[in-house]
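To start, the structure itself, in structure tokens.
What's counted below: heavy atoms across the whole structure, side chains too, no hydrogens, waters or symmetry copies. Protein chains get the first letters and strands the later ones, always in sequence-line order, with residue 1 at the start of each.
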Amino acid sequence: MNILSGIDVTAGALNAQKTRLDIVAQNIANAQTTRGPDGLPYQRKTVSFETELLRNTKAGGASLQSVHVGKISPDTTPGARVYDPSHPDAQKDGFVNMPNVNMAFEMVDLMSASRAYEANLSVVKNSRQMALKAMEIGK
Amino acid sequence: MIDPIFQSDNYLLARKLLDGAVLRQEAIASNIANAETPGYRRLDVAADFASQLRSKLESGTLAQNKDSLAPSLIEDPHARTLRPDGNTVEIEKELLEMNRNTVEHDFLTELVSRNIKQMKMAISGRMV
């Protein structure tokens with residue numbers, strides 16, 4: 001048993017949500033990148049979470065589950081083709097392959113990730129308060 | 001010799017309920033961490049813990065059974081969801097429950113604390 005109850009569950013979730021925020025930041029930063037290291041337009045990355053079985057509680061009850069980042073995979077749907085012959089990455093027909101980043105999707109993802117992060121932080125705050133109180137027993 | 005003094009029903013109940021509060025905090029932490037995990041079913045402290053405590057208290061056998069009573073976690077059987085991913089966590093409800101649980105924990109620690117303070121007072125004969 002931890003002094004801060006549930007802290008290892010929350011730590012996993014905080015870490016996972018932070019990775020998700022990082023990936024959203026990367027997607028937004030590369031929203032206009034038409035040439036990556038492989039010469040192709042940037043493909044937006046998506047994060048998938050996995051549950052992580054922490055431990056079985058005594059008396060055979062349900063077990064605690066934390067989360068961690070399972071996979072960061074590229075979204076392979078094609079991006080928009082924009083007609084811009086003056087663009088350095090324009091193809092022979094004058095069209096440029098843009099990245100498949102959708103700003104609206106990314107912003108929504110950003111918001112839900114940061115809200116989830118905040119919810120987990122408030123768990124840490126409450127656990128801490130409980131631990132402090134428990135240490136005051138008898139004082 | 002000091003043992004029987006800590007066998008009072010109030011003190012034992014507070015101790016057991018504190019165990020329950022700590023375990024519930026872990027369950028809520030797990031629920032909030034998995035708020036977006038598809039198919040996750042929310043955890044809670046098994047309801048039979050409270051009913052067992054009550055029946056033992058009413059039959060006056062709380063002190064004999066104090067070691068066998070322990071809270072356990074179960075998947076909440078009453079949780080329903082309308083979410084397409086089958087997850088039964090409602091984050092607002094969990095946050096409310098967490099705050100309620102913290103207040104309960106504060107109250108119980110205070111109760112245990114007061115019990116011990118009274119004991120100290122009885123031993124030393126002065127306010128501590």
Between NZ of A:Lys133 and CG of B:Leu18, what distance do you get to the nearest 0.5 Å?
12.0 Å
Common cluster, B:Leu17/B:Leu69, ILVMFWY with side-chain heavy-atom separation under 4.5 Å:
yes
For atom CZ of A:Phe95, decide whether the heavy atoms of other residues, nucleotides or ligands shown that lie under 6.0 angstrom number more than 12.
yes
What part of B:Leu95 gets closer than 4.5 Å to chain A, counting heavy atoms only: side chain, backbone, both or neither?
side chain
Does any donor atom in the side chain of A:Glu136 or B:Ser113 lie under 3.5 Å from an acceptor atom in the other side chain?
no
How far apart are the C-alpha atoms of A:Gln17 and B:Glu36, what are their side-chain angles, what is the distance that settles it, and do they pass the side chain to side chain contact (heavy atoms under 4.5 Å, CB included) test?
CA-CA 10 Å; A:Gln17 297 295 350; B:Glu36 291 169 66; 3.7 Å; yes
Rounded to the nearest 0.5 Å, what separates atom CD in B:Glu26 from atom CD1 in A:Ile7?
10.5 Å
Taking atom CG of B:Asn34 and atom CG of A:Leu64, what is their separation to the nearest 0.5 Å?
9.5 Å
Heavy-atom closest pair (B:Ala33 atom, A:Val67 atom, distance to 0.1 Å) is O-CG2, 3.7 Å
Any side-chain heavy-atom pair of A:Met130 and B:Asn101 under 4.5 Å
yes
Rounded to the nearest 0.5 angstrom, the CZ-CD1 distance for A:Arg115 and B:Ile91 is 11.5 Å
Examine A:Leu21 and A:Leu121 and state if one hydrophobic cluster contains both, with Ile, Leu, Val, Met, Phe, Trp and Tyr joined whenever side-chain heavy atoms are less than 4.5 Å apart.
no
Check this for me: A:Lys18, atom NZ, are more than 12 non-hydrogen atoms of other residues, nucleotides or ligands nearer than 6.0 Å?
no
State yes or no: do A:Leu14 and A:Val69 share one hydrophobic cluster built from I, L, V, M, F, W and Y residues joined by side-chain heavy-atom distances below 4.5 Å, directly or via other members?
no
Comparing B:Ser30, B:Ala27, B:Ala35, B:Ala29 against chain A, the one with the most heavy-atom pairs below 4.5 Å turns out to be B:Ser30
Within a 6.0 Å radius of atom CZ on A:Arg128, are there more than 12 heavy atoms belonging to other residues, nucleotides or ligands?
no
Determine whether B:Val45 and B:Val89 fall in the same hydrophobic cluster, where Ile, Leu, Val, Met, Phe, Trp and Tyr are linked whenever their side-chain heavy atoms lie under 4.5 Å apart.
yes
Taking C-beta and beyond as the side chain, do A:Gln129 and B:Asp106 meet within less than 4.5 Å on heavy atoms?
yes
Residue part contacting chain A, namely of B:Thr37, when any heavy atom lies under 4.5 Å
side chain
Non-hydrogen side-chain atoms of B:Gln25 and A:Asn126 separated by less than 4.5 Å:
yes
Would you confirm whether B:Lys120, through its side chain, and A:Gly138, through its main-chain N or O, come within 3.5 Å as a donor-acceptor pair?
yes
Separation between OG (A:Ser127) and NE2 (B:His105), nearest 0.5 Å, reads 9.5 Å
CE on A:Met135 to OG1 on B:Thr109, rounded to 0.5 Å:
12.0 Å
Does CZ belonging to B:Arg54 count more than 12 external heavy atoms closer than 6.0 Å?
no
Path from B:Leu43 to B:Leu23 over hydrophobic side-chain contacts below 4.5 Å:
yes
Turns out that what part of B:Asn99 lies under 4.5 Å from chain A's heavy atoms comes down to both
